[in-house]
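Report on the structure given below.
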Amino acid sequence: MVYDQEIAYFTSRGIGVVEVNYGGSTGFGRAYRERLRGSWGVVDVEDSVSVAQGLVAEGLADPARLAIRGGSAGGFTSAAALAFSDVFRCAAIQYPIVDLAGWRTGETHDFESQYPESIVGPWPSAKDVYARNSPVDHAEDITAPFVLLQGLEDEICPPVQCERFLSRIRGVPHAYLTFEGEQHGFRREETIRTAIEAELSLYAQVFEFETDVPRVELRP
């Protein structure tokens, strides 16, 4: 077990956290790892939803107070979970992939652009799968509030994807925080503090509890 400061930040404030090793994760055998092949945006979302619903069934979580968070691929899953399910009441989405087709066709480094070939499908023959599994193509279905956190120097998951995603959101309270000089994954102390406080503020507003962090403004 590794001590995680971000998780401790939330648990020390009475917020339960579960880390989901959804299908495709390593360390559980080849068959489990290959569950994600051709199903990114499906298996990861279904597994995250199943964990949340399992906690509710066991009496360990309140179904009205469920959130999802993640960065990069986890940001993709978090955005997809809002687009393709109604289980989570809000989400913190960090430097995400939200447009699979864009990511496959030039909006990331050449190396990363090849990942979807196996976990989504060959391009362009599987173009319909890219559209079906991309949060950007289903942004109008999102109804839960969220904060979107993005480094402006990110070449792996570039800001243009977030901007495209936000342009299709309809009437959902959200905040978009961008950070000059930040790349893929936040490194500056000030950025990390601002991002995690914005996330806590989201939870406080949605779940109606008091907190001493600055209030992030959620705008439709």
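Values below: all heavy atoms of this structure, side chains included; hydrogens, waters and symmetry mates excluded.
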Show the nearest heavy-atom pair for residues [X] and [Y], with the distance to one decimal.
X: Y176; Y: C162; result: OH-CB, 3.6 Å
X: S134; Y: A101; result: OG-N, 4.3 Å
X: A198; Y: L177; result: CB-CD2, 3.7 Å
X: D154; Y: Y95; result: OD2-CB, 3.5 Å
X: A81; Y: S85; result: O-OG, 2.6 Å
X: V216; Y: A175; result: CG2-CB, 3.7 Å

Requested in this report: Could you check whether the rings of H174 and F146 sit parallel, tilted or perpendicular, using 30° and 60° as the cut-offs?
Outcome: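 Ring orientation, 0 to 90° scale: parallel.
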Roughly how far, to the nearest 0.5 Å, is the [atom2] atom of [Y] from the [atom1] atom of [X]?
X: I68; Y: F88; atom1: CD1; atom2: CZ; answer: 4.0 Å
X: Y115; Y: I97; atom1: OH; atom2: CD1; answer: 10.0 Å
X: E182; Y: I192; atom1: CD; atom2: CD1; answer: 7.0 Å
X: S50; Y: E46; atom1: OG; atom2: CD; answer: 7.0 Å
X: D137; Y: R164; atom1: CG; atom2: CZ; answer: 9.5 Å
X: T143; Y: R89; atom1: OG1; atom2: CZ; answer: 8.5 Å

Query raised in the report: Given E197 and S201, is the side-chain hydrogen bond (donor to acceptor under 3.5 Å, both in side chains) satisfied, shown in steps?
Result: CA-CA 6 Å; E197 288 182 347; S201 177; over 6 Å; no
Under 4.5 Å between side-chain heavy atoms, counting indirect links through other Ile/Leu/Val/Met/Phe/Trp/Tyr residues: same cluster for [X] and [Y] or not?
X: V172; Y: L66; value: yes
X: L148; Y: V98; value: yes
X: V49; Y: L82; value: yes
X: V20; Y: V17; value: no
X: V45; Y: I142; value: yes

Sidechain-backbone polar pair: [X] side chain, [Y] backbone, donor-acceptor under 3.5 Å:
X: S78; Y: G74; result: yes
X: Q150; Y: C157; result: yes
X: Y203; Y: C90; result: no
X: T178; Y: L152; result: no
X: T108; Y: S113; result: no
X: Q161; Y: D99; result: yes

For a 4.5 angstrom cut-off between non-hydrogen side-chain atoms, does [X] reach [Y]?
X: Q53; Y: P63; answer: no
X: L149; Y: F179; answer: yes
X: Y9; Y: L200; answer: yes
X: F28; Y: R35; answer: no
X: V147; Y: L218; answer: yes
X: H109; Y: I156; answer: yes
X: E155; Y: Q183; answer: no
X: P145; Y: L202; answer: yes

Query - Heavy-atom neighbours of R215 CZ exceed 12 at 6.0 Å - result: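 Not buried by this count: 12 neighbours or fewer within 6.0 Å.
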Query - Residues, nucleotides or ligands: over 12 heavy atoms within 6.0 Å of D128 CG - result: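 Enclosed.
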Query - Among F84, F76, Y22, ring pair (Phe, Tyr, Trp, His ring centres under 6.0 Å) partner for W40 - result: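 Of the listed residues F84, F76, Y22, the ring pair (Phe, Tyr, Trp, His ring centres under 6.0 Å) partner of W40 is F76.
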Report task. Apply side-chain contact (heavy atoms from CB on, under 4.5 Å) to Q114 and R104, showing your working. Result -> CA-CA 7 Å; Q114 301 304 310; R104 179 63 185 83; 3.8 Å; yes
Query raised in the report: Is the shortest side-chain N to carboxylate O distance from R69 to E6 below 4.0 Å?
Result: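 The answer is yes: the pair qualifies as a salt bridge.
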Query raised in the report: Quick one: which of N133, V120, L36 gives a side-chain contact (heavy atoms from CB on, under 4.5 Å) with V42?
Result: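 Answer to the side-chain contact (heavy atoms from CB on, under 4.5 Å) test with V42 among N133, V120, L36: N133.
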Query raised in the report: Going by distance alone, is a donor N or O of one side chain under 3.5 Å from an acceptor N or O of the other, for E163 and S167?
Result: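 On atom types as modelled, these side chains do not qualify, holding no pair under 3.5 Å.
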Query raised in the report: Looking at F186, is R188 sitting on its ring face, NZ or CZ under 6.0 Å from the six-membered ring centre and within 45 degrees of the normal?
Result: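 No, a cation-pi geometry is absent between R188 and F186.
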Query raised in the report: Given L60 and V18, is the side-chain contact (heavy atoms from CB on, under 4.5 Å) satisfied, shown in steps?
Result: CA-CA 11 Å; L60 298 174; V18 58; over 6 Å; no
